[in-house]
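Take a look at the structure below.
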Amino acid sequence: MMDVPDPSDFPTPDLRALDASLRCTICGELYDGPVMLTGCGHCFCSVCVRQHIQRESDCPSCRMKTSEVAFRPNSVLEEVVGAWKEARKHVLDMARVEQTLAARSHASVALQTIPESSNPPSASVTPSSARSLKRKRRNVDYVSDSESSEVVLVDGSPTPKKRPGKVSKVSRANRGSEQPSSDPEEIPLDPNSNEIIDCPMCGKRVPLRSINPHIDSGCKDVGRPPSKISLSPTKARNNNAKTQWSSLFGAGGGSSGGPDSKGKGKGKDRSSPSEIPTERLANASYDVLKDKQIKQLLAEQNLPTTGDRKAWIRRHKHYLIIHNATLDKAMKNRSTFAELRQELKHWEDEKAKKPASAGVSDVVEYTKANDGEFKRLVQEARRNTKKPPPKDASPGISGQSEKTPSPVAPDIPVKSEDMET
Amino acid sequence: MASISARRLKKELTEINHEGTPTGIKLLSADDFETWFFSIEVLGNTLYQGEVFKLMFRFDGHYPISSPAVQFVVDQTHQAPIHPHVYSNGHICASILGNDWSPVLSVASVCITLQSMLASCKSKERPPDNDRYVAHAPDNPKKTRFHYDVDRV
Ligand SMILES: [Zn+2]
Ligand SMILES: [Zn+2]
Ligand SMILES: [Zn+2]
């Protein structure tokens, strides 16, 4: 089955919610040329709400009356979605890596989830070690709050330099239940050190100066819930992640980032602006137009005039939608005329390919013929409340529907359109 | 790239597989993006206690801009619920499937609406024009122009 990106791709609810919030509630895709309806403020892809508005003159979400003149391009949202599209795969990768690491070192993760105040107070905590612990935590917080990757941890205690390998797994992992006499185990931090070491916990290559926050976080780099961790500078010190993130902010250094690449859109040749639509097309009253005039409308947009009058109208209507929808996008995101025509052709091909849903011509007959199969399916579904029966468990269904198409499958969508017009 | 309707349905299927269906509603089969079947029962103290119905969804290439064709399945093991808005052939007179359809609605939200339509039923009876309608009903309920009562569902 096809792979359709979806909020459920993400392992954590916060990232799922983020991904879902950037999706159009009509098509379920990340907003494509989002427009806001000025009456109510709801947002949809321009092309989605323009298709809807042909049938109903209300907001799909709240049903407030609306029309095309109430659509306003939401350019801020368009940029947010653009950045998210770039970052989504990286965030997905990182979230998955994070999950794996968390599973591997869940002892450390457990420590992380204990709020600072719940650390068992102990008489044996020396003031210095307590202060040290506190300072360490504050530093970690500082690092994670800052967006600068230049923040350097400074440990005031002049402990002798120890080899990182001496940080034992046990002492780290059990720190939550032990006295926080962590200073001796602390890997000394030299702010000027550029040394890269192997993390004793996870084996990753980590700059020496960021090894402590790295380990403190259970090898998740900083002590924050997964979704917030991602922006941490310690993560950015990892070379790989750095390029990934910089492409999100266009901070340069990344392969795809940089302010220069911004204006170039999807890498298309934008040298001839005449290739990009700049003017809106007005709706036509097809009913009062003669065949010749409709063909003329198509010709004006360099569209084919194959098919019958019905096909022309349908073609012109949809072209109008995608043409006007692309005008709701920032210049760099707009489709060229050629791309619009390609899109229109794709749309027509899809519609032609799709068999009419009335293919199951007689429901009663159809279900009777499959009755035994259905009984089995019901039983199966009862046993398995959440999951649908596996694909191979019901080979008869789709096969049967192919065998019983009505000879002249009526095109329902077109018919209902006709009824409305 | 698959069509908008197929992609949207795939997302709904993914959500159903992840989150499960609402209580009393089960996915029976969704082998393609044209026809899905659900079982539906009304839990709790209602007129339909112990009855299990079967719903069929049919989608055209314009879903979700256009509504799905939804009806109760009538066969040897299933009957349409006896309800003032449900014809004995399984067709349903519900505004959400017609005029009040919105593309932000989903298969799951239709199931829930129909479930609550049954749950709120006060007396089990067929629509007054049942026999007349069933005799001439089109195969696809979407071709019927239902007139919705004041108590829209
Ligand atoms: Zn959309
Ligand atoms: Zn609204
Ligand atoms: Zn590590």
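Note that the structure is a prediction, hence the values are computed from the model and not measured. Letters go in sequence order (proteins before strands), and every chain restarts at 1.
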Salt-bridge present (E15(B), K11(B); N to O < 4.0 Å): no
Check ion pair E51(B)-K124(B) (N to O, under 4.0 angstrom): yes
Choice from P60(A), S61(A), G28(A) maximising heavy atom contacts with chain B below 4.5 Å: P60(A)
Best-contacting candidate, P103(B), P64(B), S106(B), S102(B), against chain A by heavy atom pairs under 4.5 angstrom: P103(B)
Pair Y286(A) + H316(A): ring centers closer than 6.0 Å: yes
Which portion of P5(A) sits near chain B, non-hydrogen atoms under 4.5 angstrom: both
Side chain / backbone / both / neither for C59(A) at chain B, heavy atoms under 4.5 Å: neither
Donor on one side chain, acceptor on other, D6(A) and T14(B), under 3.5 Å: no
